[in-house]
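Heavy atoms only: backbone and side chains are in, while hydrogens, waters and symmetry mates are out. The shown structure was predicted, so the numbers you read here are calculated from the model rather than taken from an experiment.
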Number of protein chains: 2
Amino acid sequence: MRADALRNRERLVEVAQSAFATNGIETSLEEIARQAGVGIGTLYRRFPRREDLIAAVLAERYLKLTECALTLAEHRKDADAALTEWLTLLVEHMAIYRGLSLAVKEAIHDQSTALGRTCKEMMDAGTALLERGQSLGVFRTDVNFYDVMSLCSGIVTAVERRAEKLADSDIPPVDPYLLLDVVLKGLRSGVLGGGAGG
Amino acid sequence: MRADALRNRERLVEVAQSAFATNGIETSLEEIARQAGVGIGTLYRRFPRREDLIAAVLAERYLKLTECALTLAEHRKDADAALTEWLTLLVEHMAIYRGLSLAVKEAIHDQSTALGRTCKEMMDAGTALLERGQSLGVFRTDVNFYDVMSLCSGIVTAVERRAEKLADSDIPPVDPYLLLDVVLKGLRSGVLGGGAGG
DNA sequence: GCAAAAAGCGGAGGCTGACTCCGTTTAGCG
DNA sequence: CGCTAAACGGAGTCAGCCTCCGCTTTTTGC
């Protein structure tokens, strides 16, 4: 890759990161190009899809999440605590940019983008955490990791949507940790709630 | 309201309904106006916001959901079964148009649109179901109805996103009833899962 | 019936943002 | 230094949102 191209790429990722933080991942790409001092064509050549840019911005973060899952799977004796700890990190991750939780929910079903592929690695690591707990009888076995991710993503989306409207209301804020606790409780094996289903 | 205006209004709602069913609630409004044989200005005069049109399309359906919750609260002895039954209907409702689950998640925090207001009524009825269960010790009391709605909306969004990509994969489809079962299990009181939190 | 007033209509036009295409520029090699 | 592949950039096209206002239709009062 040519030196100038590399420079532009880095600059774009840098600008995108701060733009996402301010305006969410739906920020105008033209605005990002402008702030980075490059033409819109340059942005598109390097990042043909919005998700490619998002993936580039998140790369490091995903690496950490993946590593963390591997470490927890290895060292944490308690499978329940391990998944709890990791899902907490996951939820916090998805909350860093407005709109990210939805993009991730999209990406976990689609490995054709860079974001989808990075998610895959992270999910494989997370899956191991879930499956260890399942094989130990800690978690119910009819649920897969996509299900868990979907629920977590839903939690974050709810928090975002609520945050946008904090002005007008008697409605209390949404607590992601509480909702995560509900989900985790629902995932655990046990006598309660075997029936239900529709 | 003038007779011609009423006619146009009805025609718009009718067309919108089928357009939403085909393309989701993000369908182009200009397309809807065109199909209804009215100008875009007419659509906007009657439905200043997209959500106003959505609310008009859903009006009957919401009425039914509200009534159903009231009936369940009155007649169903079993608070757990009542909420289970109703949330199942709610989830099925949110799945009728692609994108609706997100719009609802937005609307529950914002009574400034027609959709938000209709949701409010439905939610008041649903809240009664939850609170009855809570006062009977069936459900945990640290969760409110917004939380429950948010989780249900997240379930539906996951199903939608998955459905869009059914082509490419070894990934199994998402089962909304299974996820709802997880959430309901998490909502129940009991020894399991009291800790966790972050 | 008719005319005036009120209500409603419609689409041109402005705007924003995605995305493409291609003539121009530049890094980097020999 | 000159050549070439790589990269650049932004004009241009397209789609959709939404507003504005001159024109048309319905309704009302007589």
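In this structure, the side chain of R188(A) does not engage the main chain of G186(B) through any donor-acceptor pair within 3.5 Å.
What separates CG of N23(A) from C1' of dG17(C) is a distance of 14 Å, to the nearest Å. Distance, I25(A) CD1 to dG17(C) C1': 16 Å, rounded to whole Å. The separation between I54(A) atom CD1 and dA18(C) atom P is 12 Å, rounded to whole Å. At whole-Å resolution of the value, CG in D52(A) and C1' in dA18(C) are 15 Å apart. Rounded to an integer number of Å, the gap from CZ of R50(B) to P of dC18(D) is 7 Å. To the nearest angstrom, P of dG11(C) lies 16 Å from CG of L29(B). For the pair Y44(B) OH and dC15(C) C1', the computed distance is 13 Å after rounding to whole Å. Put simply, CG on L43(A) is 14 Å from P on dG17(C), counting in whole angstrom units.
A salt bridge is absent between D52(B) and R117(B); no separation between the charged side-chain nitrogens and carboxylate oxygens falls under 4.0 Å. For D78(A) and R76(A), the salt-bridge test fails: no basic side-chain N is under 4.0 Å from an acidic carboxylate O. Comment: R7(B) does not engage E10(B) in a salt bridge, judged by the lack of any side-chain N to carboxylate O separation of less than 4.0 angstrom. E106(B) and R161(A) are joined by a salt bridge, as a carboxylate oxygen and a charged side-chain nitrogen come within less than 4.0 angstrom of each other.
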Given protein heavy atoms under 4.0 Å, the one-letter contact record of nucleotides 3-11 of chain D, with B base, S sugar-phosphate only and - none, is simply --BBSBBBB

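The aromatic rings of F145(A) and W86(A) are tilted relative to each other, their planes meeting at an angle between 30° and 60°.
OP1 or OP2 of dA18(C) lies within a sub-4.0 Å distance of a side-chain N or O belonging to S28(A).
The residue A3(B) sits close only to the backbone: its heavy atoms come under 4.0 Å of sugar-phosphate atoms, none of a base.
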